[in-house]
Number of protein chains: 2
Amino acid sequence: MTTGDGPNRRVKTTDTLLEIIDTLQSLDGATLAELTDELEYAKSTLHSHLSTLEHNEYVVRNGDEYELSLKFLEHGMFVKNSDELSRVGGPVLEDLAAETGEVAWLIVEEHGKAVYLDKAMGEKAVQTHASVGGRARLHHLATGKLILAYLPDERVDEIIDCHGLPELTPHTITDPDELRAELEEIREDGIAFNDKETVDGLRAIGAPVLGEETVYGAISVSGPANRLTVERCLEEIKPLLLEATNELELKLQYPPN
Amino acid sequence: MTTGDGPNRRVKTTDTLLEIIDTLQSLDGATLAELTDELEYAKSTLHSHLSTLEHNEYVVRNGDEYELSLKFLEHGMFVKNSDELSRVGGPVLEDLAAETGEVAWLIVEEHGKAVYLDKAMGEKAVQTHASVGGRARLHHLATGKLILAYLPDERVDEIIDCHGLPELTPHTITDPDELRAELEEIREDGIAFNDKETVDGLRAIGAPVLGEETVYGAISVSGPANRLTVERCLEEIKPLLLEATNELELKLQYPPN
DNA sequence: TGAATTGTTTGGTAATTCCGAACCAACTAA
DNA sequence: TTAGTTGGTTCGGAATTACCAAACAATTCA
């Protein structure tokens, strides 16, 4: 039989495999012995899995070290490029970054989480915690809250249930009702802030990219809170963001091809 | 038992799974019915595999369409960023692109193929066939031939055996001996050309990034053959490339951390 | 030289994948 | 409304195989 009960029967071997892949990534490559220590499988079992992965070019070997291969980059870039928002968003982010000097982000939702789809660095941009392809909870990001704000209420409840509202800084919203109140405000304003809710000293302002009945994603500009003041956000950044999202929404509505 | 005979026993279910993933990519998302047509498995079999992939967040559903998720981007960017050459190469490519106005590429070898690790677009750059994460044969690229030139002879034979020398244009080298002669020349010159060997009308010039006893990868500048003449390559681009690879080799030898 | 460590191979069985076929749910056409 | 179609979902059970244990090979270190 399979893992799990009742509906949605799963394939146990596949669970095993994906567990191996995830572990291989979190260890940043590992020898067979290290993997054996980390996972609850016999050495020989892991060995045949690794051989299969290598044969299919999903893993490369450096001596006795097994590492994930660039096959993942191939698939990943393919997925990224098949997203229309990603394609039209790239140049828009570059403009935003150039005009503000800060970091501009493009975020979409997947499986109830925020995924950093793209970024552009301005002149004064500082290296941040996040990177393209990375994931984060939705509730502590300007873009994440925007996405939640335009998602159906049931879906929001589901996401809160599933992922919780963990506290990252003293400013993170951890109460569901407080979050829902903020989402209401965001819907009224059409923009959202991240006021040191993710990292202390980091502020961001974002705007959503909306379609008819859907939210495609959101973009934001982030930077040090003392440089990116609330006034500067509202006066300088907000108009730029709204111009950008407006352009994106038009391009998504009337794709060039 | 398992797939394959003798040594390196493989896990058949894993082969199946990776086959599904590859198919899902080449179809750019598919319904269960479409996958059933494409692959030799029962509908119910594919269904449980897809359910497992979705449960592990490697696949997303849009209605009845199954698509690869951005999880692949996460792993892919992680692999890319754990490569030191990729990290130091990015800014160098940007400079090259800015100085030449053309497209600058960073290529590494994996499983006997060329992988486009990064690119930077100059002012006059035209959209090309290739994209980051993509793969190509080594024998028809300037960077690919460079990598072959500095790989052990046995390895070169192995790669020729395994992947062949398919013809992409009338200029592609398809004869093993001719290729080996060119590799010898490349070792003498320290640079390599791609003279319409990949796409008609496209020229590129590249230089290798060498370590002690190894070749890390290669970088190149490519553009329309009529603009990127052989003279311009030798006089303008070649010094820039050598300066760039020199910088990269130093940075790889003495990493900042 | 022997002990320790790590990757590789293999036999056999307990476990699971896989198929077939039935079951739904949503549309379409008559 | 009803019959027909298309596509996703579920489930029992036989055939296949993933998995473990244990032996083996190849290095490395004492």
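Lettering follows sequence order; numbering is per chain, from 1. We use all heavy atoms of the structure for the numbers below, so side chains are in, but hydrogens, waters and symmetry mates are not.
Residue contacts for B/S51: at a heavy-atom cut-off of 4.0 Å it reaches no nucleic acid atom on any strand shown.
Candidate nucleotides D/dG7, D/dC19, C/dC18 were compared by shortest atom distance to the side chain of A/T45, and D/dC19 ranks first. Closest to the side chain of B/K12, out of D/dG8, D/dA18, C/dT8, is D/dA18. Closest approach to the B/T13 side chain among C/dG7, C/dC18, D/dC20 is made by C/dC18 (side chain taken as heavy atoms from C-beta onward).
Rounding to whole angstrom units, CG of residue A/D37 and C1' of C/dT5 are separated by 12 Å. In this entry the distance linking CG of B/L35 with P of C/dC18 reads 14 Å, nearest Å. Atom-to-atom, CD of B/E54 to P of D/dT9 comes out at 9 Å; the value is rounded to the nearest Å.
No side-chain N or O of A/H55 forms a donor-acceptor pair with one of B/D15 less than 3.5 Å apart.
When each of A/A33 and A/T14 is assigned the nucleotide of DNA chain C bearing its nearest heavy atom, the one mapping closer to the 5' terminus is A/A33.
Below the 3.5 angstrom threshold, one finds a donor paired with an acceptor across the side chain of A/K43 and the base of C/dG7. A/T16 contributes no side-chain N or O that forms a donor-acceptor pair with the base of D/dA18 under 3.5 Å. Put simply, the side chain of B/S44 and the base of C/dG20 share a donor and an acceptor less than 3.5 Å apart.
Considering every non-hydrogen atom in both B/I219 and B/L248, the closest pair reads CG2-CD1, 4.2 Å. The minimum heavy-atom distance linking B/E57 with B/K71 is given by the pair O-CB, 3.4 Å.
Using bins of under 30°, 30° to 60° and over 60° for the plane-to-plane angle, the ring pair A/F72/B/F72 lands in the parallel bin.
One finds a side-chain N or O of B/R61 lying less than 4.0 angstrom from the OP1 or OP2 phosphate oxygen of D/dT9.
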